Amino acid sequence: MGAADERFGKDDVHLQRLTDTCGVLRARQKRSLLTCLDDLERRFPQLIFSVFFGTLPERTNLREFGFWLLNHAAFDHDDPLRPNENGVLLLVDLTSGTMGFTLGYVAERFVSDREMYAALTAGQRFFLRSDHEAGA
């Protein structure tokens, strides 16, 4: 974490459940994705689901950044029963065209590597066509 803090900073980052720093989603698409996140949180109320669309600096390791972001996230909810350790974060780096999941320590018990791979594989074709809503 020390190396990531040096690279990305030590401050908390305000993070909404859907963060679109590049504005690639239209309002309707945002509403649709938020509805999906709501559905997931109803099914798994102990977890926090979030999606981050952004442009990361060149040669940024997506896994390192995801780990740092999840640990520094100040989510827009005030629920002490769902700390960041309960997070499931989908990162989409629009610079490199890569995406990946970062799981908090609690969430790791609920989501397998096979499930994450299947979800990323299913979304890949949509991201390649810049259909970000369907890909997420």
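Side chains are part of it too, since the values below use all heavy atoms of this structure and drop only hydrogens, waters and symmetry mates. Note that this is a predicted model, so its numbers are computed, not measured.
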message: Side chains of Ser96 and Asp93 only: does a donor on one sit below 3.5 Å from an acceptor on the other?
response: yes
Expected output: side-chain Glu115 to main-chain Ser112 donor-acceptor under 3.5 Å: yes
task: Please state whether the rings of Phe65 and Phe52 are parallel, tilted or perpendicular, taking 30° and 60° as the class boundaries.
output: tilted
task: Measure up the Phe49 and Phe44 rings against each other and bin them: parallel (under 30°), tilted (30 to 60°), perpendicular (over 60°).
output: tilted
task: Any chance you could lay out the side-chain contact (heavy atoms from CB on, under 4.5 Å) test for Leu120 and Phe101, step after step, and finish with the verdict?
output: CA-CA 8 Å; Leu120 291 171; Phe101 282 106; 3.8 Å; yes
query: Between the side chain of Asn86 and the main-chain N/O of Gln46, is any donor-acceptor distance below 3.5 Å?
result: yes
- prompt: With distance as the sole test, does Thr35 use its side chain to make a donor-acceptor pair with the main-chain N or O of Arg31 at under 3.5 Å?
  reply: yes
- prompt: Is Thr121 reaching over with its side chain to a backbone N or O of Tyr117, donor-acceptor style, under 3.5 angstrom?
  reply: yes
message: Pair Asn84, His72 - check side chain to side chain donor-acceptor pair (under 3.5 Å), show working.
response: CA-CA 9 Å; Asn84 291 19; His72 285 274; over 6 Å; no
message: I'd like to know if the side chain of Asn71 and the backbone of Phe67 have a donor-acceptor N/O pair within less than 3.5 Å.
response: yes
Closest non-hydrogen atom pair between Leu15 and Ala73, with its separation: CD2-CB, 3.7 Å
field: Neighbour count >12 (heavy atoms, 6.0 Å) for atom CZ, Arg63
entry: no
Heavy-atom closest contact (Ala74 atom, Asp12 atom, distance): CB-CB, 4.3 Å
- prompt: What are the two closest heavy atoms between Gly66 and Thr102, and how far apart are they?
  reply: CA-OG1, 3.3 Å
